[in-house]
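First comes the structure, then the notes that go with it.
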Amino acid sequence: MAELSLKNVSKSFGSYEIIRNACLDIADGEFVVFVGPSGCGKSTLLRMIAGLEHITHGEIRIGDEVVNDVEPADRGIAMVFQSYALYPHMTVEENLSFGLRMTGNPKADTERRVQRVVDILQIRELMKRRPKQLSGGQRQRVAIGRAIVREPRVFLFDEPLSNLDAELRVQMRVEISRLHKELGTTMIYVTHDQTEAMTLANKIVVLRGGNIEQIGAPLDLYDNPANQFVAGFVGSPKMNFMSAEVVGVETGNVTLMLSNQGNVRLTLPLKDTPPAVGDKVTLGVRPEHFTNADGGIANLTVKVDVAEHLGNTSYIYANVASGEQLIIEREESRHDKTRDTLTVAIKSSHALLFDSAGNRLQ
Ligand SMILES: Nc1ncnc2c1ncn2[C@@H]1O[C@H](COP(=O)(O)OP(=O)(O)OP(=O)(O)O)[C@@H](O)[C@H]1O
Ligand SMILES: [Mg+2]
């Protein structure tokens, strides 16, 4: 088990900078999740921690050791990939013990470690099978088992569940969470899946174009995104963004006109230095932060485009005249249908404001 830190870590491939000045502190036993759009550098960052990519600048520490020049095998990390990479001609048991046998680990200790994995992952009945006789979920369990037998200081996971169907993903997600509680080992996990990020992480790192945009606890990022990018990236369905113009500024308050929502006006509290009258800003409202007409600060009249009724809740995709689409959650209405006209209000305490560069105004 170990803490891990990145200090000003950068990575270039040729003249193309993939990771820029990444700084990150991970405490011993933390579960950290990297999220961000495709190509933003998540896997590269993970591979640098693993030692599979050299870093161009900066310092990576695991425990109290700088590992920049330490070979992957000597870093005390174990990595689990999306593709299981099991040896096809070996049984599960042989797959689990292979790495330890190769390094000359004493036989009794190898057996003890394999037995422990079998107990933790409950895979006793699979031990004599070969990978092709296993389901996708079982293969991934074995791949995770192969990481556990190494008793690493840090586990690295790169989208380990993305080949699995929806139901198995949920099951494996719960297993990984249980595994983390049981082992207490530091874990770093890359995913595209919002639910995995929100439920597994103690800490989420949001990346964009090689930069760390924000680091925080899942609900902190959800409630208090640092900028419009993080606000739009964390949460599913996504936060709505509405173009607005500042039409009035008083101490502690700003009045906006929603230019694409029938010029509706609303006033929000604002602690920061306020923008100036005439400035273009963006109002951010999560789908669940709409309420019934007159229940909030501004009434918007919208036309239902698509209504998704999920049973416990409904998502309404609504169009407004100027073409901005809104996603509105309506827990208590299962009856809205295409072409209905709805009036909804915004819950003021949850609305967020961003300047034209996407920075948060609070
Ligand atoms: N060996 C390489 N040589 C040159 N460019 C590379 C190399 N490996 C990755 N890249 C580039 O680095 C960027 C980051 O890639 P990376 O695989 O880290 O993204 P990612 O966030 O993991 O994306 P995804 O979500 O699609 O897996 C991409 O633009 C990619 O094309
Ligand atoms: Mg990747």
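Note that ligands are numbered from 1 as they come in the structure, with each ligand's atoms numbered from 1 the same way.
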Short N-O contact, Glu182 and Arg178, less than 4.0 angstrom: yes
Distance from atom 17 (O) of ligand 1 to nearest protein heavy atom, with residue and atom: Ser43 CB, 3.7 Å
Atoms in ligand 1 with a heavy atom of His192 nearer than 4.0 Å: 25 (O)
Min side-chain heavy-atom separation Leu266-Thr255 under 4.5 Å: no
Ile18 contact mode with ligand 1 (heavy-atom cut-off under 4.0 Å): side chain
Any protein heavy atom nearer than 4.0 Å to atom 1 (N) of ligand 1: yes
Ligand 1 N/O within reach of Leu45 N/O, cut-off under 3.5 Å: no
Top protein contact for atom 29 (O) of ligand 1, by heavy-atom distance: Gly39 O, 3.8 Å
Atom 7 (C) of ligand 1 - nearest protein heavy atom and its distance: Phe13 CE1, 3.2 Å
Thr44 backbone or side-chain N/O/S under 2.8 Å from the Mg ion (ligand 2): no
Identity and separation of the nearest protein heavy atom to atom 26 (O) of ligand 1: Ser38 OG, 2.5 Å
Thr186 versus Glu3, side-chain donor and acceptor atoms under 3.5 Å: no
Closest contact, heavy atoms only, Ile204 versus Ala197: CD1-O, 3.7 Å
Atom 27 (O) of ligand 1 [closest protein heavy-atom partner, distance rounded to 0.1 Å]: Glu159 OE2, 3.8 Å
Side-chain heavy atoms of Val344 within contact of Asn299, under 4.5 Å: no
Non-hydrogen atom of Gly36 closer than 4.0 Å to ligand 1: no
Aromatic Tyr87 / basic Arg130 pairing, under 6.0 angstrom, 45° off normal: no
Distance-only side-chain donor-acceptor flag, Asp220 / Asn224, under 3.5 Å: no
Contact atoms of ligand 1, heavy-atom distance to Thr44 under 4.0 Å: 14 (C), 15 (O), 16 (P), 18 (O)
Any donor-acceptor N or O pair under 3.5 Å, side chains Ser43, Asp158: yes
Short N or O distance, Glu53 and ligand 1, threshold 3.5 Å exclusive: no
Nearest atoms (heavy-atom pairs only) where Arg150 meets Ala73: NH2-O, 4.4 Å
Protein contact to atom 25 (O) of ligand 1 [nearest heavy atom, distance to 0.1 Å]: Lys42 NZ, 2.8 Å
